[in-house]
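A short worksheet on the structure shown next.
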Amino acid sequence: MKKYIDLPMQYVVGKNQVTYAYREYGNLNACPLVLLHHLSATLDNWDPGFLDLLAVNNHIVVFDNVGVGKTTGKVSETITAMARDVIQFVDALKIQNFDLLGLSMGGFVAQEVLLLVPKRVKNLILAGTGPHGGKGIKRVGMLTNYDLLRATFMRKDVKEYLFFTRTDNGKKAAKRYFERINTRKENFDDKIKIGAYLHQLKAIKRFGKADPVDFSNFEMPVLVVNGDHDRMVPTINSYRLHEIFPNSELLIYDDAGHMSIFQEQQDFVDKLTKFLRS
């Protein structure tokens, strides 16, 4: 099987006239698992070790949403509009039904996709994320910019502070993560532009101020996962998601932060595979 770092970039044009950049691999006979990424991320920010584990049993589809990386267009300033852009992408690939994994901001978008096309989402995975109006979500931009200044002063990558705990275990996990995402040698994506990043921050702030949404009538299986020390989207939000989705499972990792699914990737992929098969 091909490895994620060896995949070329592919492109597809949606009915919105946007050219989407994406990568696709794995078990192409399985139901597509569409992954939605975090704030400021492009295709090169996916942990390749994590995706390679997922791809053994799953049909993996990752992409840059509108205005991000090599995808054309302008980043929307609302999460709902971003969700509409996601639907344009899956329609362009002629994907009717799919599993959906939303990571951090991608989890906000995934919930909006569910509201727009509930019958097309077979299984929902919400990682390091929270509900509409969740605790601390409207402050994500403030926290991110604070840690960006701190990381610059300390000559570190801001993701060390935002994504992992500052324990010995967390620091080791961060080191392994950076080693993995830096293994790609060719076919690089474009980095996000500052204007696109600022639009994402506006969308997140609006989502954080939004009224709660009633998901009590949504019966599809939902897996909620996070670390027990998530600084970006406080872990209490994962407990809240577990409460508002009636057919949900909750997975909380000890001594883990915002990117627990990358830190504990083998255990998470094992549990996710079991979840999807059930």
Side-chain angles (χ1 to χ4, degrees), residues 1-76 81-107 109-110 112-113 116-117 120-125 127 180-193 196-197 199-200 261-262 265 269 272 276:
M1 187 186 74
K2 289 184 177 180
K3 292 185 176 296
Y4 183 69
I5 61 170
D6 297 324
L7 294 181
M9 194 72 78
Q10 299 184 71
Y11 299 93
V12 66
V13 179
K15 289 183 179 179
N16 54 359
Q17 303 307 308
V18 168
T19 299
Y20 289 88
Y22 73 101
R23 295 182 180 131
E24 180 179 24
Y25 76 134
N27 179 7
L28 301 185
N29 293 318
C31 176
L33 174 59
V34 179
L35 285 77
L36 308 180
H37 221 333
H38 62 76
L39 168 69
S40 81
T42 69
L43 287 170
D44 293 344
N45 293 111
W46 281 111
D47 185 324
F50 169 73
L51 291 186
D52 287 346
L53 287 172
L54 269 184
V56 173
N57 293 302
N58 296 286
H59 176 178
I60 303 301
V61 181
V62 292
F63 72 105
D64 288 328
N65 208 350
V66 175
V68 174
K70 290 185 180 295
T71 294
T72 62
K74 185 177 180 180
V75 172
S76 301
M82 291 180 187
R84 293 194 184 102
D85 294 335
V86 171
I87 296 168
Q88 289 275 351
F89 168 71
V90 295
D91 285 349
L93 286 185
K94 295 181 172 54
I95 295 173
Q96 179 58 34
N97 297 313
F98 51 93
D99 297 325
L100 189 61
L101 187 156
L103 174 61
S104 189
M105 183 187 76
V109 179
E112 288 291 330
V113 171
L116 292 169
V117 290
R120 295 176 64 180
V121 180
K122 294 180 61 179
N123 298 281
L124 179 65
I125 304 96
R180 292 191 298 269
I181 64 171
N182 288 325
T183 52
R184 179 176 288 276
K185 303 301 181 185
E186 57 185 2
N187 297 316
F188 291 103
D189 200 357
D190 293 341
K191 295 184 182 298
I192 193 168
K193 294 179 174 62
Y197 168 72
H199 280 203
Q200 289 180 342
I261 64 171
F262 294 164
Q265 54 186 251
V269 169
L272 177 57
L276 293 175

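Keep in mind that what you see is a predicted model, and the values were worked out from it rather than measured.
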From [atom1] ([X]) to [atom2] ([Y]), nearest 0.5 Å:
X: Leu103; Y: Asp47; atom1: CG; atom2: CG; answer: 10.5 Å
X: His38; Y: Asn45; atom1: NE2; atom2: CG; answer: 5.0 Å
X: Asn65; Y: Arg84; atom1: CG; atom2: CZ; answer: 12.5 Å
X: Leu33; Y: Leu276; atom1: CG; atom2: CG; answer: 6.5 Å

Are the side chain of [X] and the backbone N or O of [Y] linked by a donor-acceptor pair below 3.5 Å?
X: Gln200; Y: Ser40; result: yes
X: Tyr4; Y: Tyr25; result: no
X: Thr71; Y: Val66; result: no
X: His37; Y: Trp46; result: yes
X: Gln88; Y: Gly14; result: no
X: Asp99; Y: Asn123; result: yes
X: Thr72; Y: Thr19; result: yes
X: Asp52; Y: Gly49; result: no
X: Asn58; Y: Leu54; result: yes

Lys/Arg-Asp/Glu bridge criterion (N-O < 4.0 Å) met for [X], [Y]:
X: Asp91; Y: Arg120; result: yes
X: Lys70; Y: Asp189; result: no
X: Asp44; Y: Arg23; result: yes

Closest non-hydrogen atom pair, [X] against [Y]:
X: Leu36; Y: Val109; result: CD1-CG1, 3.9 Å
X: Lys185; Y: Asn182; result: NZ-O, 4.1 Å
X: Ser76; Y: Met82; result: O-CE, 3.4 Å
X: Ala83; Y: Glu112; result: CB-CB, 3.5 Å
X: His59; Y: Cys31; result: CB-O, 3.8 Å
X: Asn57; Y: Ala30; result: O-CB, 3.9 Å

Heavy atoms, side chains only, cut-off 4.5 Å: are [X] and [Y] in contact?
X: Arg180; Y: Ile5; result: no
X: Tyr197; Y: Leu39; result: yes
X: Val68; Y: Thr42; result: yes

Scan Val34, Leu93, Val61 and name whichever one has a side-chain contact (heavy atoms from CB on, under 4.5 Å) with Phe98.
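Testing each of Val34, Leu93, Val61 against Phe98, the sole residue satisfying side-chain contact (heavy atoms from CB on, under 4.5 Å) is Val34.
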
Run through Leu101, Leu35, Leu100 and flag the one making a side-chain contact (heavy atoms from CB on, under 4.5 Å) with Ile125.
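With Ile125 as partner, side-chain contact (heavy atoms from CB on, under 4.5 Å) holds for just one option, Leu101.
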
Suppose we screen for ring pair (Phe, Tyr, Trp, His ring centres under 6.0 Å). Which residues come up paired with Tyr22, at least two apart in sequence or across chains?
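Expected list: Phe89.
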
